[in-house]
Amino acid sequence: MLDSKFIRENLELVRLNIARKNEKVTIDTFEQLDVQRRSIIQEVETLKSKRNTVSSEIAVLKKNKQDATELIDAMKVVSDSIKELDEKLASIEVELENLILYIPNMLHESVPTGKTADDNVEIRRNGECGEKGFRKDHLEIAKELSILDFERGAKVSGSGFGYYVGKGATLERALWNYFLDTHISENGYKEIYTPFIVNEDSMRATGQLPKMAEDMYHCTEDNLYLIPTAEVPITNFYRNETLQGAELPIKLTGFSACFRREAGSYGKDSRGFLRVHQFNKVELVHFSKPEESYNELEQMVVCVEKLLQALQLPYRVILLCSGDTSFNSAKTYDIEVWSPCEQKWLEVSSCSNFEDFQARRASIKYKDTPNAKPSLLHTLNGSGIATSRIMVALLEHYQKEDGSIEVPEVLRPYCRFDRIEKSY
RNA sequence: GGAGAGAUGGCCGAGAGGCUUAAGGCACCGGUUUGCUAAACCGUCGUAGUGGUAUAACUGCUACCGAGGGUUCGAAUCCCUCUCUCUCCGCCA
């Protein structure tokens, strides 16, 4: 959520930013509503001030056993007007709120203008992009080795759900354990294990609501939502809190299953684990001072790269153009891993600086000294990493000609085996 | 699922329609005193919105006692609904 004062003073910039992000919201009514709102506030607060003064006069009269009916009658009229104005104000504020919630975050100046993913800018690349060669795609090889089972996933849950079986399940678990351990021991993160189901306030605070309502699983009976990413419970950990400046940056990492309805996206990238309703992800979240947040963003990307280097997977870092940068984000880097079978890059991580956009809605502040005025901090998050697409890349890259899968060096201590072969 | 108790500033805690602009205490911060620490004393000490100012400092006003409604000239206080926490009972992973 943007600051309404900022919108008021920068209407043209906000409009331009909406266009650069390819968003459709119009803010034509903002100015008018904003002016109306403030004039009503002034009017109603003058009346309230009067009511407060006269009410204490009434109290004095009553105490002295004097007649106050004249004042009381006058205040009845005032109270009625206050009630009327308050109602009018409330409905304007609802309108304004609805407008503001659909205005996207301002882009950082370093974000290139562009319409689609084609306009994204490659920042750097590591490793060689292999050819398909003898390789079977991840579904084929996984079926041969009996480590992934989408048929039974569909039977038990529905299309877009899968089982990991045997060494496949172990490999999956090894991945997220390896990621977590690395972030904790080498990158200065604190581990946090979160609820997977959260309330409406939390979804609103991190910006999933109202825009993404259709993409989430909603338990209507309790009005709770299954998290689409651990970003939600991790960022909301500090909702409505003021942190000490000295403890920033706070870097949290947490594992969660992620649930997405992916409404309307069938047919696109939907084969196997490229797009599923439930997947596993280790999330990175930073709470940062504003002046440090862009430095934090760069560091976060490096933390993700280290994992891919250790797994020896070819990857590239992409700076998203304006049109591809999400609603909440001011600047986003995607990290993509090469898939030799698909012959394309797969997004495995997305690292974003939200600046104070989430912090404002979630009311997360910090202050440097005990008596300082609290100010909004910056929040960042990134996937570090989602396992399902890494699994796709692993099955392809580590495939041997005999149809077995070699376990990457760094995962062997977790797996306690170094090869997956056809066994049953 | 049933019964009961509770929710007041950073924390503790009073307040039960009108000198409450929320008492008092603790903590924090600033100051005085002091050989250091401590103590004592004095003062400051919330959030948000909206005005006055070109901005800031500063300052006026309004709102906020779990949330939302209602009664009233006036609500932390009375009424209704909801949420959460705690205790007990039942049921069940």
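A note on names: the letters A, B, ... follow the listed sequences, proteins ahead of strands, and every chain is numbered from 1.
The pairing partner recorded for B:G49 is B:C61, the criterion being a Watson-Crick or G-U wobble arrangement whose two distances lie under 3.5 angstrom. Pair assignment for B:C91 gives none, since no Watson-Crick or G-U wobble pairing has each distance under 3.5 Å. Applying the Watson-Crick and G-U wobble criteria (two distances, each under 3.5 Å), B:U83 pairs with B:A7. With a cut-off of 3.5 Å on both Watson-Crick or G-U wobble distances, the partner of B:U32 is given as B:A40. In this structure, B:A56 forms no base pair with any nucleotide, since neither Watson-Crick nor G-U wobble geometry is met with both distances under 3.5 Å. As the counterpart of B:G74, no nucleotide is assigned, since no Watson-Crick or G-U wobble pattern has both distances under 3.5 Å. Pair check for B:G17 finds none; no Watson-Crick or G-U wobble contact set falls under 3.5 Å.
The CG-P distance, from A:Asp3 to B:U50, rounds to 9 Å in whole Å. In this structure, A:Met75 atom CE and B:C73 atom P are separated by 11 Å, rounded to whole Å. Across the protein-nucleic acid pair, A:Lys48 atom NZ and B:C73 atom P stand 17 Å apart, rounded to whole Å. Between the C1' atom of B:G17 and the CZ atom of A:Arg51 lies a distance of 15 Å, rounded to the nearest Å. Rounded to an integer number of Å, the gap from CG of A:Leu85 to P of B:U62 is 16 Å. The interatomic distance linking A:Ile41 (CD1) with B:G49 (C1') rounds to 6 Å, in whole Å. The CD1-P distance, from A:Ile7 to B:G49, rounds to 13 Å in whole Å. One interatomic measurement links the two molecules: CD of A:Glu43 to P of B:U50, which rounds to 17 Å at whole-angstrom precision.
Proximity of A:Arg37 to the phosphate of B:U50: a side-chain N or O atom is located under 4.0 Å from OP1 or OP2. A:Ser56 has no side-chain polar atom (N or O) that falls below the 4.0 Å cut-off from OP1 or OP2 of B:G18. Using a 4.0 Å cut-off, some side-chain N or O of A:Lys76 falls inside it from OP1 or OP2 of B:C73. Taking 4.0 angstrom as the limit, A:Arg8 places none of its side-chain polar atoms (N or O) nearer than this to OP1 or OP2 of B:G49. Residue A:Asn52 has no polar side-chain atom (N or O) positioned under 4.0 Å from OP1 or OP2 of B:G74. Distances shown here put every side-chain N or O of A:Gln42 at or beyond 4.0 Å from the OP1 or OP2 atom of B:U50.
When each of B:C73, B:G51, B:A63 is scored by its nearest atom to the side-chain atoms of A:Arg38, the top-ranked nucleotide is B:G51. When the nucleotides B:U71, B:C73, B:A48 are ranked by their closest atom to the side chain of A:Lys83, B:U71 comes out on top. Counting only heavy atoms from C-beta on, A:Ser49 has its side chain closest to B:C61 among B:C61, B:G49, B:A48. Of the listed nucleotides (B:G74, B:G18, B:U50), B:G18 has the atom at the smallest distance from the side chain of A:Lys62.
The closest side-chain heavy-atom distance from A:Leu284 to A:Asn187 is not below 4.5 Å.
Ion pairing of A:Arg38 with A:Asp34 is present here, as a side-chain N (NZ or NE/NH1/NH2) and a carboxylate O approach within less than 4.0 Å. A salt bridge links A:Arg37 with A:Glu93: at least one charged nitrogen is closer than 4.0 Å to a carboxylate oxygen. A salt bridge does not link A:Lys21 with A:Glu23: every distance from a Lys NZ or Arg NE/NH1/NH2 to an Asp or Glu carboxylate oxygen is 4.0 Å or more.
Checked against A:His108 for a ring pair (Phe, Tyr, Trp, His ring centres under 6.0 Å), the options A:Tyr333, A:Tyr294, A:Phe357 give a single hit: A:Tyr294. Of the residues listed (A:Ile103, A:Ile100, A:Leu33), the one engaging A:Ile27 in a side-chain contact (heavy atoms from CB on, under 4.5 Å) is A:Ile103, and it is the only one.
Residue order along RNA chain B, read from the 5' end via each residue's closest nucleotide, puts A:Lys367 first among A:Lys367 and A:Thr53. Where A:Lys373 and A:Ser79 each meet RNA chain B at their nearest nucleotide, the meeting point lying more 5' is that of A:Lys373.
Using atom C1' as the reference point in both B:U87 and B:G17, the two lie 33 Å apart (nearest Å). If you take atom P in B:G31 and the same atom in B:G25, they sit 22 Å apart, rounded to whole Å. Across the P atoms, B:C58 and B:C65 are found 26 Å apart, a figure rounded to whole Å. Nucleotides B:G1 and B:C12 have their C1' atoms positioned 36 Å apart, rounded to a whole Å. B:G18 and B:G74 have their P atoms separated by 15 Å, given to the nearest Å. Atom C1' of B:C86 sits at a distance of 30 Å from the matching atom of B:C28, rounded to the whole Å. Rounded to a whole angstrom, the distance from the P atom of B:U47 to that of B:G10 is 8 Å. Comparing the C1' positions of B:U34 and B:A40 gives an interatomic distance of 11 Å, to the nearest angstrom.
Applying the 3.5 Å distance criterion, the base of B:G51 shares no donor-acceptor pair with the side chain of A:Glu45.
Heavy atoms of other residues, nucleotides or ligands lying less than 6.0 angstrom from CE of A:Met212 number 12 at most.
Across all strands, A:Leu71 comes closer than 4.0 Å to no nucleic acid atom at all (heavy-atom distances). No engagement by A:Lys50 is indicated, since no non-hydrogen atom pair under 4.0 Å with the nucleic acid exists.
Under the 3.5 Å distance criterion, the side-chain polar atoms of A:Ser56 are matched with a main-chain donor or acceptor of A:Thr53.
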